[in-house]
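Working notes, structure below.
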There are 2 protein chains.
Amino acid sequence: MTDPLDASFAALSDPTRRDLVARLALGDATVSELAAPYDMTIQAVSKHLNVLAAAGLVTKSAQAQRRLIHLEADALRRLTDWVQHYAQLADQRYRRLDEVLVQLADTEESP
Amino acid sequence: MTDPLDASFAALSDPTRRDLVARLALGDATVSELAAPYDMTIQAVSKHLNVLAAAGLVTKSAQAQRRLIHLEADALRRLTDWVQHYAQLADQRYRRLDEVLVQLADTEESP
DNA sequence: CTCATTGTCAACCATTCGGTTGAATATCGT
DNA sequence: ACGATATTCAACCGAATGGTTGACAATGAG
């Protein structure tokens with residue numbers, strides 16, 4: 001799963017990781033701070049953070065024995081770009097289809 | 001993975017499924033039409049489509065023995081909403097932080 | 001120096017995932 | 001009624017995933 005898009009979507013498919021992202025949107029935090037709310041070992045949370053980091057959604061900076069985790073908003077934006085592109089494409093197609101249907105209706109009304 | 005957000009992100013974490021979405025953004029298609037370009041069995045593609053359908057990203061309508069697959073742009077939009085929300089939240093935080101730093105620099109310049 | 005704190009690494013386990021093959025079902029065209 | 005076409009269902013396989021426990025490394029504090 002080398003592709004960054006693969007990794008990003010996969011990373012966000014886990015509710016714990018989405019929750020971590022939501023938390024990090026409010027500000028940087030250490031691993032144990034992030035792990036505190038969860039009923040799971042700190043190792044598990046550390047793994048989740050690694051998954052987010054591998055996807056580029058998050059970066060770590062070592063401050064002494066702790067690591068500050070930082071949300072990379074740019075990586076999030078690259079995700080929305082992909083999704084939005086195809087949603088928009090489909091929308092345009094629907095609109096064109098509507099126009100055709102309206103025209104058809106018009107020509108049938110006035111023969 | 002009952003959560004629709006879980007299912008949607010997971011569905012799009014696979015490159016084949018993202019490709020199917022890209023194709024479907026151009027218009028509805030049958031299973032075999034969608035399967036044609038891939039070097040994999042039609043059953044595999046059918047499975048991928050089931051995953052997309054389970055996530056609500058796609059719907060099937062049975063026309064005789066074929067099924068027409070249709071992209072649900074609304075479901076895509078729900079995804080972007082989630083991502084965009086937290087990207088925006090982080091952005092706002094950065095901006096506030098910048099303001100604080102600028103103010104600090106100012107007060108240090110003119111004591 | 002010692003020790004508690006913070007975090008990672010490694011091995012393991014159960015479950016899920018992406019793919020295959022093979023058989024079954026449903027519908028169209030003749 | 002029959003055969004071809006389109007799709008699904010089911011069982012199976014290897015790899016990846018989310019979690020655990022236990023040991024290790026690095027740093028700060030007393």
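Quick note: numbers below take in every heavy atom, side chains included, and nothing from hydrogens, waters or symmetry partners. Lettering follows sequence order; numbering is per chain, from 1.
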Side chain to side chain donor-acceptor pair (under 3.5 Å) against A:Asp81, all qualifying residues, sequence neighbours excluded: none
Using atom CZ of B:Phe9 as one end and atom P of D:dT17 as the other, report the distance to the nearest whole Å. 17 Å
side-chain contact (heavy atoms from CB on, under 4.5 Å), that's the test. Do B:Thr59 and B:Ile69 meet it? Break it down for me. CA-CA 6 Å; B:Thr59 50; B:Ile69 314 296; over 6 Å; no
Scan for salt bridge (Lys or Arg N to Asp or Glu O under 4.0 Å) pairs involving residues 23-38 of chain A, sequence neighbours excluded, and state none if there are none. A:Asp28-B:Arg93
Contacts of A:Arg66 meeting side-chain contact (heavy atoms from CB on, under 4.5 Å) (sequence neighbours excluded), chain-then-number -> A:Thr30
Check DNA chain D against residues 27-39 of chain B and give the residues with a non-hydrogen atom under 4.0 Å, in numerical order. B:Thr30, B:Val31, B:Ser32
Would you jot down, in residue-number order, the residues of residues 63-72 of chain A having a non-hydrogen atom under 4.0 Å from DNA chain D? A:Ala64, A:Gln65
Worked check of side-chain contact (heavy atoms from CB on, under 4.5 Å) between A:Arg17 and A:Val58: CA-CA 11 Å; A:Arg17 286 193 294 257; A:Val58 132; over 6 Å; no
Identify whether B:Leu12 and A:Val51 are in the same connected component of the hydrophobic contact network (ILVMFWY, side-chain heavy atoms under 4.5 Å). no
Between atom CD1 in A:Ile42 and atom C1' in D:dT20, what is the gap in whole Å? 15 Å
Pairing string of DNA chain C (Watson-Crick or G-U wobble, both atom distances under 3.5 Å; | = paired to other strand) is ||||||||||||||||||||||||||||||
By the ring-ring contact (aromatic ring centres under 6.0 Å, His included) test, which pairs, at least two apart or in different chains, include something from residues 40-78 of chain A? A:His70-B:Tyr94
Between the side chain of B:Arg67 and the main-chain N/O of B:Ala62, is any donor-acceptor distance below 3.5 Å? no
Donor-acceptor side-chain pairing of A:Gln84 and B:Thr80 below 3.5 angstrom: no
DNA chain C contacts among residues 45-60 of chain B, heavy-atom distance under 4.0 Å: B:Lys47, B:His48
Go through the steps for B:Asp3 and A:Arg18 under the test salt bridge (charged side-chain N to carboxylate O under 4.0 Å, His left out), then give the verdict. CA-CA 12 Å; B:Asp3 183 64; A:Arg18 279 202 308 280; 3.0 Å; yes
Is there a side-chain contact between A:Leu79 and B:Trp82 (heavy atoms, below 4.5 Å)? no
What residues form a side chain to side chain donor-acceptor pair (under 3.5 Å) with A:Ser32, not counting sequence neighbours? none
side-chain contact (heavy atoms from CB on, under 4.5 Å), that's the test. Do B:Ser61 and B:Leu68 meet it? Break it down for me. CA-CA 5 Å; B:Ser61 63; B:Leu68 252 207; 3.5 Å; yes
Taking salt bridge (charged side-chain N to carboxylate O under 4.0 Å, His left out) as the definition, give me every residue that meets it alongside B:Arg78, ordered by chain and number, with sequence neighbours left out. none
Can you list, pair by pair, the side-chain donor-acceptor contacts under 3.5 Å of residues 36-47 of chain B, counting residues two or more places apart and other chains?
residue	atom	partner	partner atom	Å
B:Tyr38	OH	B:Asp19	OD2	2.6
B:Thr41	OG1	B:Ala44	N	3.2

Is B:Gln43 side chain donor-acceptor paired with the C:dG18 base, going by distance under 3.5 Å alone? no
Residue-level proximity of residues 14-25 of chain B to DNA chain C when a heavy atom falls under 4.0 Å: B:Asp14, B:Arg17
